[in-house]
J.: 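Dumping the structure here so I can ask a few things about it.
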Amino acid sequence: MAIKKPLDETSHLYLIDGSGYIFRAYHALPPLTRSDGTPVGAVQGFCNMLWKLLEDLKGEDAPSHLAVIFDHSGKSFRNEIYDQYKAHRPPAPEDLVPQFGLIRDATRAFGTPCIELENYEADDIIATYARMAEAKGAKVTIVSSDKDLMQLVSDRIDMFDAMKNKRIEAEQVVEKFGVGPDRVIDIQSLAGDSVDNVPGVPGIGVKTAALLINEYGDLDTLLERAGEIKQKGRREKLLAHAEDARISRQLVTLKTDTPVTDEMDEFGITDPDAETLVKFLKEMEFRTFTRKVEEALGGPVADETGDATAPIDRDSYECVTTMKQLQAWIEKARTAGVIAVDTETDALSATASGLVGICLATAPGEACYIPLAHVDPEGSGDMFDTGEKPDQIPMDDAIAALKPLLEDPAVLKVGQNFKYDLSVLARYGIDVAPYDDTMLISYVMEAGLHGHGMDELAEIHLGHQCIAFKEICGTGKNQISFDKVPLDKATQYAAEDADVTLRLWEILKPAMVSKKKATVYETLERPMAKVLSDMERVGVKVDPDQLRRLSSDFAQKMAAAEAAAHEAAGREFNVASPKQIGEILFGEMGLPGGKKTKTGAWSTDVTVLDQLAAEGHDLPVALLEYRQYAKLKSTYSDALFDHINPQTKRIHGSFSLAATTTGRLSSTEPNLQNIPIRTEAGRKIREVFIPEPGHVLVAADYSQIELRLLAHIAGVESLKQAFRDGQDIHAMTASEVFGVPVEGMDPMVRRKAKAINFGVIYGISAFGLANQIDVSREEAKNFIDAYFEKFPGIADYMERMKKEAKDTGYVETVFGRRCHFPGIRDKNPNMRMFAERQAINAPIQGSAADVIRRAMIRMDDALRAANLDARMLLQVHDELVFEVPEDQADRLIDLASKVMGEACAPALELSVPLDVDAKAGKSWAEAH
DNA sequence: GTGTTCACG
DNA sequence: GACGTACGTGAACACC
């Protein structure tokens with residue numbers, strides 16, 4: 001044990017308010033759990049703060065002595081003075097409780113004294129030591145932002161807010177209380193504190209208290225001369241509550257003579273013992289932080305290969321260019337039983353790119369790259385190119401050798417976003433199985449907390465920065481495809497991906513098992529990679545001639561609308577520029593528009609232009625017309641044409657499995673989930689989606705799936721019954737809420753009820769509903785109240801989700817999918833309310849997403865068993881689109897409806913039926 | 001790169 | 001008492 005330095009006038013003592021810090025860290029930081037489920041978010045926040053403090057303060061303000069002070073659990077002497085003290089405090093959140101002990105362990109692991117005292121609060125102990133050190137002539141810094149400690153500030157004592165990184169001295173105290181530190185107690189005695197339940201004098205806040213104290217000097221004088229106060233209210237309040245003020249003073253005055261036993265000399269600072277600290281941090285699974293500490297303290301840095309957290313060495317990877325080498329790796333892979341696989345291609349598209357190379361990793365740090373289609377890096381690819389290629393194994397030989405391994409049921413293949421590799425390898429005749437996907441494992445544990453791309457996961461879990469793709473291939477128009485990358489560089493980049501993937505799997509897979517998310521992963525995520533890979537490779541047929549005709553038709557209509565707009569405006573301008581439109585409408589024409597966007601620009605969206613059009617103006621009509629056709633042309637007719645694959649003549653979009661917070665899929669390049677349908681002109685786009693000759697398209701969609709799930713989850717008996725009876729649910733809602741009969745109902749009334757039903761799913765607010773159906777906010781409020789009354793269970797459901805999200809940071813779907821909302825603890829109330837609405841919506845939207853995933857996963861087998869030659873083409877959240885020979889359409893409709901309707905069984909028995917509407921047609925429009 | 005708008009569920 | 005507010009996506013375009 002190092003000899004500690006006695007505390008004297010040259011010393012600088014740091015006293016850390018451990019308890020205060022715990023609560024702030026807990027509320028400010030996203031929830032984080034160790035792989036065994038123990039919550040450790042606040043522990044990490046605490047360790048970071050302590051470490052940063054020790055690192056940052058190595059300069060002139062460096063602590064010579066340091067201790068962390070905690071509240072002792074249970075009551076303190078203040079409860080004897082006033083039994084209501086801190087009586088309103090809710091108990092500590094469930095996931096914070098186990099962290100109290102861990103944070104004390106952390107303090108000790110840092111080699112720092114950890115102090116608490118029965119019957120006293122941390123503040124009293126801090127006050128005692130601070131005054132003791134001050135008396136010895138030392139400097140003191142109290143690390144806390146608690147205003148109750150500000151009474152201690154003096155020439156030699158200051159405070160430091162570690163989260164805001166801000167010093168608090170006398171000047172900041174005056175800012176806060178309007179008086180110097182010596183009078184802070186008087187202010188608090190008068191103003192009280194609702195959080196600690198210190199009564200004070202009712203009606204007097206900090207501002208008034210400061211005014212009074214500055215006038216009368218101190219609390220005793222003020223209370224003696226209270227009768228002289230001119231304002232009647234204040235005078236009477238003070239006279240009536242003088243005793244409360246005196247009790248409050250006893251409560252807020254910190255004790256400076258607590259019977260502390262630890263000597264300050266023992267607080268002398270020493271470097272933490274690397275071994276102890278690293279051991280603790282590893283137990284907490286703070287990987288990035290552990291490495292940082294290891295490097296700084298020069299402790300035992302793990303370097304054995306085989307350890308997922310060992311440093312990554314890009315130069316250790318092997319470039320495989322002979323069959324002999326390849327055979328050796330295949331042998332090694334079979335022995336390992338689990339390997340990471342990554343494919344490199346000459347383009348981004350999984351459905352249109354050529355295979356360039358394959359990487360394998362058999363253990364952390366043991367990876368190879370097998371180049372297959374690299375070309376001469378210097379070659380320009382033009383007619384002068386010599387066509388000289390680097391030595392590599394012929395594609396066919398490599399594929400033939402790898403196929404048995406990649407299809408071997410005894411060897412688990414691990415990938416990152418493996419749907420991509422499945423697609424590429426499938427086009428070379430390899431049906432990879434079994435497999436795991438680190439992206440999807442991460443997604444089931446952490447959806448909503450961060451992205452799940454490899455670079456991000458490597459940074460989070462391994463503290464490692466992967467080589468960026470653009471470092472290898474460049475960016476913009478100078479970008480080269482991967483087959484032109486020299487083999488040495490390609491090996492470093494590509495094999496690193498496989499290495500990282502395998503390491504991530506070693507960390508994430510056990511973590512997922514202890515978090516009990518393996519079932520969600522195995523039943524809702526992993527199988528989807530293959531389902532979607534198959535679907536994307538099939539693609540969907542469009543009529544290219546019809547698309548061309550539509551584009552030119554839209555172009556004509558745009559030109560006409562543009563001319564009309566210029567005519568109406570009286571001059572030429574860019575009709576596509578919202579900025580210029582705003583200037584003309586609300587500047588030059590001086591129309592009353594009102595709405596501004598959040599950046600302060602005039603809003604010119606469809607609601608604004610519709611309003612102006614309804615008032616009889618011509619320009620907004622022309623603009624709306626222009627916008628409609630511009631949208632259809634650029635986003636749909638032109639873009640879809642460009643996405644036709646020249647080989648297959650079909651469009652192969654990509655569906656993302658881990659992009660949303662709720663478990664829905666998303667669709668890109670092109671987005672096939674937002675093809676128009678609501679307007680007549682838009683439907684023309686849907687007519688372009690067609691089947692092969694002799695086939696039809698079948699569209700099958702769930703009817704009201706989200707409302708049905710809401711009825712089930714919230715347990716709303718009347719709603720459930722209505723669904724069982726096959727009623728028109730919006731009409732039924734209207735009848736209940738507005739008290740009108742279903743027979744002969746005004747369509748407007750039904751429309752309003754429909755809006756309420758949707759609103760409920762979205763986390764309704766009176767303002768939002770009022771906006772949607774154009775009624776006053778009061779009226780909207782009445783509708784909502786009536787709704788809650790008629791359907792008991794809904795309001796309760798909403799409260800439950802808000803609470804669950806607040807307590808745990810997440811909510812779950814009926815199948816156990818977890819959706820996280822870090823914003824639920826944001827200090828900004830708007831962010832919080834936003835997160836609350838998300839938490840209300842997510843279990844409904846997410847459960848619906850789970851249901852259709854289950855149906856999709858079963859569909860392939862069901863089609864085969866029924867001998868149907870149908871292929872699944874698209875998913876649009878509550879709808880599946882198939883292509884099937886004409887004469888099998890009816891059978892497909894029956895089968896798809898059955899699989900979709902029974903998708904919950906046997907895992908879950910839903911208390912409402914899931915109805916499916918399915919129809920066949922010669923285009924997607926017709927199949928609706 | 002950000003903001004606005006608009007297509008879908 | 002004021003504040004800002006329906007949920008989830010992706011793509012195109014203007015503008016910096």
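Chain letters run A, B, ... following the sequence lines, proteins first, then strands; residues in each count from 1. Model, not experiment: these values are computed from the prediction.
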J.: Using a cut-off of 4.0 Å on non-hydrogen atoms, how would the nucleic acid contact of Ala755(A) be classed: base, sugar-phosphate, or nothing?
T.: base
J.: Are Glu706(A) and Arg664(A) within salt-bridge range, i.e. N to O under 4.0 Å?
T.: yes
J.: Does Ser666(A) put a side-chain nitrogen or oxygen below 4.0 Å from OP1 or OP2 of dG10(C)?
T.: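 Yes, within the criterion.
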J.: Give me the distance, rounded to whole Å, that separates dA6(C) from dT4(B) when you measure between the P atoms they each carry.
T.: 14 Å
J.: Exactly one of Lys419(A), Arg853(A), Arg818(A), Lys517(A) should register a salt bridge (Lys or Arg N to Asp or Glu O under 4.0 Å) with Glu525(A). Which one does?
T.: Arg853(A)
J.: What is the distance, rounded to the nearest whole Å, between atom CG of Leu640(A) and atom C1' of dA11(C)?
T.: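 To the nearest whole Å, that distance equals 11 Å.
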J.: For a quick check of understanding: with a heavy-atom distance under 4.0 Å over all strands, which category does Arg832(A) fall into, base, sugar-phosphate or nothing?
T.: nothing
J.: Report which part of the nucleic acid Asn674(A) touches: base, sugar-phosphate, or nothing (heavy-atom distance under 4.0 Å, all strands).
T.: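 Result for Asn674(A) = base.
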J.: Taking any heavy-atom pair under 4.0 Å as a contact, classify Arg678(A): base, sugar-phosphate, or nothing.
T.: base
J.: First locate atom CZ of Phe723(A), then atom CG of Leu914(A), and finally report the distance between them rounded to the nearest 0.5 Å.
T.: 10.0 Å
J.: Atom CG of Asn771(A) and atom P of dC7(C): how far apart are they, to the nearest Å?
T.: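 To the nearest whole Å, that distance equals 12 Å.
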J.: In this structure, how many angstroms lie between the P atom of dG8(C) and the CG atom of Asp850(A), rounded?
T.: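 Atom CG in Asp850(A) sits about 16 Å away from atom P in dG8(C).
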J.: Quick one: look up who dA12(C) pairs with, Watson-Crick or G-U, both distances under 3.5 Å, and put none if it's unpaired.
T.: dT4(B)
J.: In whole Å, what separates the P atom of dT5(B) from that of dT5(C)?
T.: 14 Å
J.: Does Asp826(A) form a salt bridge (charged side-chain N to carboxylate O under 4.0 Å, His left out) with Arg832(A)? I'd like the steps, not just the answer.
T.: CA-CA 6 Å; Asp826(A) 199 287; Arg832(A) 256 188 346 253; over 6 Å; no
J.: Can you tell me how far P of dA6(C) sits from CD of Glu706(A), to the nearest Å?
T.: 18 Å
J.: Could you tell me the separation between the CE atom of Met801(A) and the P atom of dC7(C), rounded to a whole number of Å?
T.: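 Going from Met801(A) (CE) to dC7(C) (P), I get 17 Å.
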J.: Which part of the nucleic acid does Gln838(A) contact within heavy-atom distance under 4.0 Å: base, sugar-phosphate only, or nothing?
T.: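 Sugar-phosphate only.
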J.: Can a cation-pi geometry be assigned to Lys595(A) and Trp602(A), taking NZ or CZ under 6.0 Å from the six-membered ring centre and within 45° of the ring axis?
T.: no
J.: Send over the distance from Asn828(A) CG to dT5(C) P, rounded to a whole Å.
T.: 11 Å
J.: Hey, is Arg854(A) close enough to Asp850(A) for a salt bridge, meaning N to O under 4.0 Å?
T.: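 No.
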J.: Base, sugar-phosphate alone, or nothing: which one does Glu669(A) contact when heavy atoms must sit under 4.0 Å apart?
T.: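 Glu669(A): backbone/sugar contact only, no base atoms under 4.0 Å.
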J.: What nucleic acid atoms does Val760(A) come within less than 4.0 Å of, heavy atoms only: base, sugar-phosphate, or nothing?
T.: nothing
J.: Please give the nucleotide sitting opposite dC3(C) as a Watson-Crick or G-U wobble pair, both distances under 3.5 Å, or none.
T.: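 Looking at the geometry, dC3(C) pairs with no nucleotide.
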J.: Is Gly759(A) touching bases, backbone alone, or none of the nucleic acid, heavy atoms closer than 4.0 Å?
T.: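 Gly759(A): base contact, heavy atoms under 4.0 Å.
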J.: In whole angstrom, what separates Asn830(A)'s CG from dA6(C)'s P?
T.: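 Rounded to whole Å, this separation is 11 Å.
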J.: At a heavy-atom distance below 4.0 Å, which nucleotide of DNA chain B is the first touched by chain A, and which is the last?
T.: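 So the contact region on DNA chain B extends dG3(B) to dG9(B).
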J.: From the options dA14(C), dT5(C), dG8(C), select the nucleotide whose nearest atom is closest to the side chain of Arg837(A).
T.: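 The answer is dT5(C).
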J.: The test is salt bridge (charged side-chain N to carboxylate O under 4.0 Å, His left out); show your working for Arg750(A) and Asp728(A) and say whether it passes.
T.: CA-CA 10 Å; Arg750(A) 185 180 179 277; Asp728(A) 174 341; 2.9 Å; yes
J.: Of all the nucleotides listed (dA14(C), dA12(C), dC7(C)), which has the minimum atom distance to the side chain of Ala639(A)?
T.: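 Out of dA14(C), dA12(C), dC7(C), the nucleotide with an atom closest to Ala639(A)'s side chain is dA12(C).
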J.: Under 4.0 Å between any heavy atoms, over every strand shown, what does Ile764(A) touch: base, sugar-phosphate, or nothing? Just pick one.
T.: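 Base: the residue Ile764(A), judged by heavy atoms under 4.0 Å, touches a nucleobase.
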J.: Contact class for Ser577(A) (heavy atom, under 4.0 Å): base, sugar-phosphate, or nothing?
T.: sugar-phosphate
J.: In the structure I gave you, are the side-chain heavy atoms of His450(A) and Ser442(A) within less than 4.5 Å of one another anywhere?
T.: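 In contact.
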J.: Write down the distance between CD (Gln772(A)) and C1' (dC7(C)), rounded to a whole number of angstrom.
T.: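 Those two atoms, CD and C1', are 12 Å apart.
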J.: Out of dC13(C), dT5(C), dC7(C), which has the shortest distance to the side chain of Phe834(A)?
T.: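 When the side chain of Phe834(A) is considered, dC7(C) is the closest of dC13(C), dT5(C), dC7(C).
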J.: Under 4.0 Å, heavy atoms only, any strand: does Leu769(A) hit a base, just the sugar-phosphate, or nothing?
T.: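 Result for Leu769(A) = base.
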J.: Taking the P atom of each, how far is dA2(C) from dC6(B), in whole Å?
T.: 33 Å
J.: Less than 4.0 angstrom from a charged side-chain N to a carboxylate O is my criterion; do Arg571(A) and Glu588(A) meet it?
T.: yes
J.: Let me know, please, whether Ser634(A) or Leu665(A) comes out on the 5' side of the other along DNA chain C by nearest nucleotide.
T.: Leu665(A)
